[in-house]
Trainee: 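Below: one structure in structure tokens.
For ligands, and for the atoms within them, numbers begin at 1 and follow the listed sequence. Bear in mind the structure is a predicted one, so any value in this text is a computation, not a measurement. Starting from 1, each residue takes its place in the sequence as its number.
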Amino acid sequence: MSARNTGNPYATIKSVEKAQELLDMAFSKSMKIKPPYIRGGTKLQRQIEFEKNRVNTAANVLADRLHRMVNQFPTIDMIHPFYTELTDILVGTNQLKRSLGRIYGTIDVIRSVAAEIIMNINECTEKDEIKAWRGRAFGRLSDLIYRLRPDLAHLEKARTTLAVLPGFDPIKPCVVVAGVPNVGKSSFVSAATSGKPEVAAYPFTTKKLVFGHINFGFLQVQFCDTPGLLDRSLRERNDIELQAIAALKHISDVLLIVIDPSTAATYTLEQQLELVDEFTDFYPGAELMVIVNKVDLLDEDTRAEVEEKVRGFLADYGLSDEEIEGTPFISSFASEDIGRVKLMIEHLVKNKVLKSSKFKDMVNPQIAEDQYLLEELPEDHDFIR
Ligand SMILES: Nc1nc2c(ncn2[C@@H]2O[C@H](COP(=O)(O)OP(=O)(O)O)[C@@H](O)[C@H]2O)c(=O)[nH]1
Ligand SMILES: [Mg+2]
């Protein structure tokens with residue numbers, strides 16, 4: 001598994017074969033097998049065994065391939081809800097389940113077709129009859145596989161679409177970065193996080209999820225930049241966008257909103273603060289952190305004005321004095337500012353996020369009542385010898 005996609009349940013799935021490829025593989029393997037050696041058998045008996053083997057081999061190859069193909073896909077109801085929702089938006093959960101179901105169902109049909117034809121071959125009294133049954137077997141197997149063509153194609157499309165989703169690790173805290181376009185979200189993420197942020201395709205070509213990471217000692221925090229997604233009012237969204245935004249609910253432990261108070265900004269400060277309101281309602285589980293970027297563009301008076309407005313807003317919002325006082329006014333270009341924000345994030349994650357019920361249970365797993373500790377194992381327990 002490549003490090004890039006670790007966490008993405010679709011990352012390691014191998015390409016899905018086309019119907020013709022499956023059939024070519026099965027029939028060529030079946031036609032390559034050697035005649036069986038039967039002591040004392042008649043020529044007809046040998047012929048019967050030979051053709052039975054061929055039918056069996058073709059059916060087994062097909063059943064085996066389809067089985068492996070379906071099993072590579074994760075059980076959609078068992079994966080992390082972030083991926084479940086993305087699966088639904090990108091390829092349609094129901095359609096994917098239907099295709100997997102039809103392919104899986106065909107495995108049984110393949111086996112019963114082979115069993116039925118083998119019974120018929122057993123009864124044959126002439127060589128030509130035996131060959132004709134084998135021909136019929138190949139014909140019926142081909143029909144079954146050709147009927148799966150749309151499902152195989154759908155599966156392959158789903159695989160290529162989903163394989164490039166970014167890797168999200170549910171046991172690591174995640175900071176989701178929001179804010180109107182051009183405020184400096186990407187500049188912040190690339191200045192603050194390690195390595196090149198990964199970019200992944202999203203429903204619309206302009207909408208992507210970009211992941212970066214910061215290591216705080218042993219603690220790794222994930223950052224998700226959201227170009228084209230968390231940058232406008234929710235009221236302006238269509239259903240698919242809203243669903244994509246909702247998918248982020250499952251990963252946002254911290255909602256980091258970047259604000260650009262400069263005159264160069266495309267939205268006014270008031271409009272940007274309104275967005276804070278909307279998003280915090282939408283992500284009630286996430287810790288809120290606001291950073292005011294591009295302070296290098298402000299003169300002293302404007303800066304004082306901006307500070308007052310932002311702090312007033314956050315006070316109305318219910319943040320504590322300490323939190324308001326700590327709101328960073330930064331420039332993404334200044335490494336000491338980036339360092340300060342990183343320290344604040346570390347503090348927030350260690351003191352709030354990791355102490356939330358979601359992470360506390362992960363760090364401190366509860367032992368279920370029906371699980372014995374080693375020293376509590378009953379005497380007659382024969383598990384350990
Ligand atoms: N003056 C100044 N410009 C910045 C700062 N941070 C980002 N920018 C610029 O703002 C523009 C938009 O930044 P970008 O990170 O792409 O914004 P995004 O759309 O929110 O991801 C770019 O031209 C950046 O170079 C900053 O702190 N000060
Ligand atoms: Mg950006």
Trainee: Does either side chain, that of Gln220 or that of Lys172, offer a donor lying less than 3.5 Å from an acceptor on the other one?
Mentor: yes
Trainee: With a cut-off of 2.8 Å, how many protein N, O or S atoms neighbour the Mg ion (ligand 2)?
Mentor: 1
Trainee: Atoms of ligand 1 less than 4.0 Å from Asn182 heavy atoms?
Mentor: 10 (O), 12 (C), 17 (O), 18 (P), 19 (O), 20 (O)
Trainee: Can you report which non-hydrogen protein atom sits closest to atom 28 (N) of ligand 1, along with the distance?
Mentor: Asp296 OD1, 2.8 Å
Trainee: Please identify which atoms of ligand 1 are closer than 4.0 Å to at least one heavy atom of Ser331.
Mentor: 26 (C), 27 (O), 28 (N)
Trainee: Judged on heavy-atom distance to atom 27 (O) of ligand 1, which of Ala334, Ser332, Ala264 sits nearest?
Mentor: Ser332
Trainee: Do Leu148 and Ile107 share a hydrophobic cluster (ILVMFWY, side-chain heavy atoms under 4.5 Å, transitive)?
Mentor: yes
Trainee: Could you tell me whether atom 23 (O) of ligand 1 has a protein heavy atom closer than 4.0 Å?
Mentor: no
Trainee: For ligand 1 and Val183, I'd like to know whether there is a polar contact (N/O to N/O, distance under 3.5 Å).
Mentor: yes
Trainee: Mark yes or no for whether Arg237, through its side chain, and Arg232, through its backbone, hold a donor-acceptor pair below 3.5 Å.
Mentor: yes
Trainee: Tell me, which pairs form a ring pair (Phe, Tyr, Trp, His ring centres under 6.0 Å) where one or both residues lie in residues 22-70, sequence neighbours left out?
Mentor: Phe27-Phe138, His67-Tyr104
Trainee: Between Gln72 and Lys14, is there a donor-acceptor pair closer than 3.5 Å when you use the side chain of the first and the backbone of the second?
Mentor: yes
Trainee: Using heavy-atom distances only, which candidate in Ser186, Ser190, Ser262 approaches atom 16 (O) of ligand 1 most closely?
Mentor: Ser186
Trainee: Between Phe282 and Lys249, is there a cation-pi geometry (under 6.0 Å to ring centre, at most 45° from the normal)?
Mentor: yes
Trainee: Would Val177 end up clustered with Leu343 when hydrophobic side chains under 4.5 Å apart are linked, directly or stepwise?
Mentor: no
Trainee: Among all protein heavy atoms, pick out the one at the shortest distance from atom 6 (N) of ligand 1; state its residue, atom name and that distance to 0.1 Å.
Mentor: Asn293 ND2, 3.1 Å
Trainee: To the nearest 0.5 Å, what is the distance between CD1 on Ile48 and CG on Leu44?
Mentor: 4.5 Å
Trainee: How about Glu236: does its CD atom have over 12 heavy atoms from other parts shown lying under 6.0 Å from it?
Mentor: yes
Trainee: List the closest protein heavy-atom neighbour of atom 25 (O) of ligand 1: residue, atom name, distance to the nearest 0.1 Å.
Mentor: Phe333 CZ, 3.4 Å
Trainee: Quick one: does Gly184 get an N or O within less than 3.5 Å of an N or O on ligand 1?
Mentor: yes
Trainee: Heavy-atom distance under 4.5 Å between the side chains of Pro74 and Ile13, does that happen here?
Mentor: yes
Trainee: To the nearest 0.5 Å, tell me how far Thr263 OG1 sits from Leu298 CG.
Mentor: 8.0 Å
Trainee: Which atoms of ligand 1 have any heavy atom of Leu297 under 4.0 Å away?
Mentor: 1 (N)
Trainee: Between Asn8 (side chain) and Leu162 (backbone), is there a donor-acceptor pair under 3.5 Å?
Mentor: yes
Trainee: Quick one: which ligand 1 atoms are inside 4.0 Å of a heavy atom on Ser187?
Mentor: 7 (C), 13 (O), 14 (P), 15 (O), 24 (C)
Trainee: Tell me, which protein residue and heavy-atom name are nearest atom 11 (C) of ligand 1, and how many Å apart are they?
Mentor: Lys294 NZ, 4.0 Å
